[in-house]
There are 2 protein chains.
Amino acid sequence: MQSPTWRDPVTAADRVLLQIQQAIVEGQIAPGSKISEPELAKKYDLSRAPLREALARLERCHLIERTPNAGARVVKLSVAGLLSLYELRETLEGLACRLAAQHMTDDEIAQVQQLLDQHLSTQRVREGESYYQEAGDVDFHYRVILGSKNPYLINLLCDELYFLVRMYRVQLGMNGPRVSRAFDEHKAIINAIANRDGELADLLMRRHIGASRRNIEQHFKQQGN
Amino acid sequence: MQSPTWRDPVTAADRVLLQIQQAIVEGQIAPGSKISEPELAKKYDLSRAPLREALARLERCHLIERTPNAGARVVKLSVAGLLSLYELRETLEGLACRLAAQHMTDDEIAQVQQLLDQHLSTQRVREGESYYQEAGDVDFHYRVILGSKNPYLINLLCDELYFLVRMYRVQLGMNGPRVSRAFDEHKAIINAIANRDGELADLLMRRHIGASRRNIEQHFKQQGN
DNA sequence: TTGCATGATATTGTCGACAATTTAAATTGA
DNA sequence: TCAATTTAAATTGTCGACAATATCATGCAA
C-alpha cells in the first residue's frame with residue numbers, strides 16, 4: 001500500500017531512510033542498540049551527509065533517540081511506551097473520526113464502505129492471514145485519518161506515529177485475537193460517519209482502539225519489560 | 001521561561017535553530033518567503049551542514065516546508081491552518097488534563113495552584129501587560145501538559161506544535177479580549193485535576209481552548225486569508 | 001505576441017576531510 | 001587491587017568543494 005502522504009524517494013537520503021526504517025521496525029537493528037554513522041554509511045554505500053538527514057527524520061518518527069555528541073540509539077520498546085502511544089492514538093483517531101464525519105464526501109465514504117466489503121470477502125477465504133488483515137486494518141484507519149482533512153492530524157498519525165505503532169506490532173507480535181471483531185467495528189465506525197454522527201464515530205473509534213489497548217495491558221500484566 | 005523539554009544549545013545547529021525559530025515566529029523572515037541556504041549560512045556565519053540540521057528541525061515543528069531539490073519556504077499563515085491547529089490542541093490538551101488528573105502528584109498540583117495565585121497578584125497590579133499574561137498562560141498549559149506524563153504527548157505539544165501556535169499569536173495579534181476570564185478557567189481546570197476528576201478537567205480545557213478557537217473564527221468571519 | 005525549447009545561473013544534494021567531543025584504554029598512585 | 005587521572009581511539013559536528021537538479025533568461029518558431 002502506498003500512502004498518499006509519502007513521496008517517492010527522489011534523494012539518496014529518502015532511499016536510505018526507507019531501508020533503515022524497515023530494518024528498525026522489523027528488528028534487524030536491535031532496539032536499544034547504538035547507531036554508528038560510519039558503519040551504516042559503509043553498509044548502505046553513501047556518505048554521512050544523507051545518512052544524517054535520514055537520522056533526523058528517524059528521530060522525528062520516534063524510531064531513534066539522539067543525544068548531542070553522543071550519537072543515536074534505536075528506541076527501546078516498553079509496555080509503558082506502548083500504552084502511552086495507544087493513549088494518544090485513541091484520542092487522535094477519535095478526533096479523526098469526528099472530523100471525518102464533517103468533512104468526508106459521500107463519495108469517499110462510499111469508497112471506504114466498498115473497501116470493507118472487499119476485505120470481508122477476501123477474509124472469508126480463510127482467516128489467519130494476519131498480514132492481509134493488518135494491511136486492511138491500516139488501510140481503513142488511513143482513509144478515516146485522511147478524511148479528517150486536518151493536515152496536522154494527518155501528518156502526525158500517518159508520518160510520525162505510524163512506524164512506531166508498526167514496530168510494536170511487528171516486534172511484540174500484536175496481531176492478537178481481535179481479528180474477526182475488527183471488521184464489525186470498522187463497519188460500525190464508517191456507518192456512523194456516513195450518518196454524519198461524528199460524536200458516535202468518535203466514541204466507536206476510541207472504543208475500538210481502547211479495546212486493543214486493554215488487550216495489551218492484560219497480556220503484559222505483571223511482567224517486566 | 002525555560003522549558004524542561006528543551007536542552008541548552010550545545011551545538012552550532014542548536015544555536016542557529018533558536019535564532020531562526022525566533023526570526024520566523026516574529027515574522028522577521030516573512031511567511032511564504034524562500035529560505036536560501038547560502039544566504040542564511042553567511043548571515044549566521046556558519047557552514048551549510050549545521051544550517052541544514054536546523055532546517056530539518058524547523059520542518060519538524062511546521063515552521064518551514066521543504067520540497068526535494070527545491071528548498072524550503074516559511075509556512076504561510078491561514079485561518080484554515082489556525083483552526084486546524086486549534087482543533088488539534090483542543091483535543092490534545094484535553095487529553096493532557098485527563099491524564100494529569102491521574103498522574104500528577106499532589107505536590108505538583110499544589111505548585112500549579114500556587115503559580116496561579118502568583119499570576120493573579122502580579123496581574124492585579126495592572127492589566128494590559130499581555131506579555132506577562134501570555135507567559136503565564138504558556139506556563140500554566142506547560143505544567144498541565146508535563147503533568148500528563150505521556151512522553152509522546154509532551155513532545156508533541158511542547159516541541160512540535162508550540163512554536164506554530166506562538167507564530168500565529170504573535171503575527172495575527174491574538175492576545176484577544178479573553179484575558180481576564182483565562183485565570184478563572186485555569187483555576188477551574190486545576191481544581192478539577194486536584195479533585196482527580198479527569199473527565200471534568202478534560203471538558204473544561206476543551207472548552208477553554210474551544211472558546212479561543214471560536215473567538216478566532218468569529219474575528220475572521222468572511223475574510224480571505 | 002505567445003508558447004516552447006535551449007542554455008546560463010543559482011540552489012540543493014552529496015562527498016571527503018578536519019576539528020571538537022566523547023568513550024575506552026592505559027597508566028599512575030594509593 | 002582499586003580508584004582516579006591521563007592518554008589514545010573512535011565518533012560526532014562542522015567545513016569547503018563538487019555534482020545533480022531546478023530556476024530563470026534568452027532565443028526560436030508558430
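Atoms considered below: every heavy atom in the structure, side chains included; atoms not considered: hydrogens, waters and symmetry mates. Naming convention: chains lettered A, B, ... in sequence-line order (proteins, then strands); numbering from 1 in each chain.
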From CD of Glu37(A) across to C1' of dT22(C) the rounded distance in Å is 13 Å

Nearest-Å distance for atom pair CD/C1', residues Glu59(A) and dT12(D): 14 Å

Classify the ring geometry between His141(B) and His208(B) as parallel (under 30°), tilted (30 to 60°) or perpendicular (over 60°). parallel

Rounded to the nearest 0.5 Å, what separation is found between the CD atom of Glu53(A) and the CD atom of Glu53(B)? 8.5 Å

Within the structure, does a side-chain N or O atom of Lys42(A) lie under 4.0 Å from either OP1 or OP2 of dG16(C)? no

In whole Å, what is the span from the CG atom of Leu55(B) to the P atom of dT12(C)? 9 Å

Flag this pair as yes if the NZ/CZ of Arg89(B) is under 6.0 angstrom from the six-membered ring centre of Tyr86(B) and inside a 45 degree cone about the axis; otherwise no. yes

Between Ser47(A) and dC15(C), is there a side-chain N or O to OP1/OP2 distance below 4.0 Å? yes

Minimum-distance nucleotide to Ala12(A) side chain [options: dT11(C), dT14(C), dC15(D)]: dT14(C)

How far does CZ of Phe220(A) sit from CG of Leu82(A), to the nearest 0.5 angstrom? 7.0 Å

Looking at every strand, decide which applies to Ala49(B) at a 4.0 Å heavy-atom threshold: base, sugar-phosphate, or nothing. base

Does dT14(C) have OP1 or OP2 under 4.0 Å away from a side-chain N or O of Thr11(A)? yes

Whole-Å gap separating P (dA10(C)) and CZ (Arg48(B)): 15 Å

Choose from dT12(D), dT23(C), dG13(D) the nucleotide whose nearest atom is closest to any side-chain atom of Arg66(A). dG13(D)

Describe, in one word, how the ring planes of His186(A) and Phe140(A) are oriented to each other, choosing from parallel (under 30°), tilted (30 to 60°) and perpendicular (over 60°). parallel

Please tell me which of the listed nucleotides, dA22(D), dG13(C), dG13(D), lies nearest to the side chain of Asn69(A)? dG13(D)

How close or far is atom P of dT12(D) from atom CD of Glu39(A), stated in whole angstroms? 10 Å

Round to a whole Å and report the spacing from CZ of Arg52(B) to C1' of dT12(C). 6 Å

Using whole Å, what does the distance between atom P of nucleotide dA20(D) and atom CG of Asp14(A) come to? 17 Å

May I have the distance from Leu51(B) (atom CG) to dT11(C) (atom P), rounded to whole angstrom? 13 Å

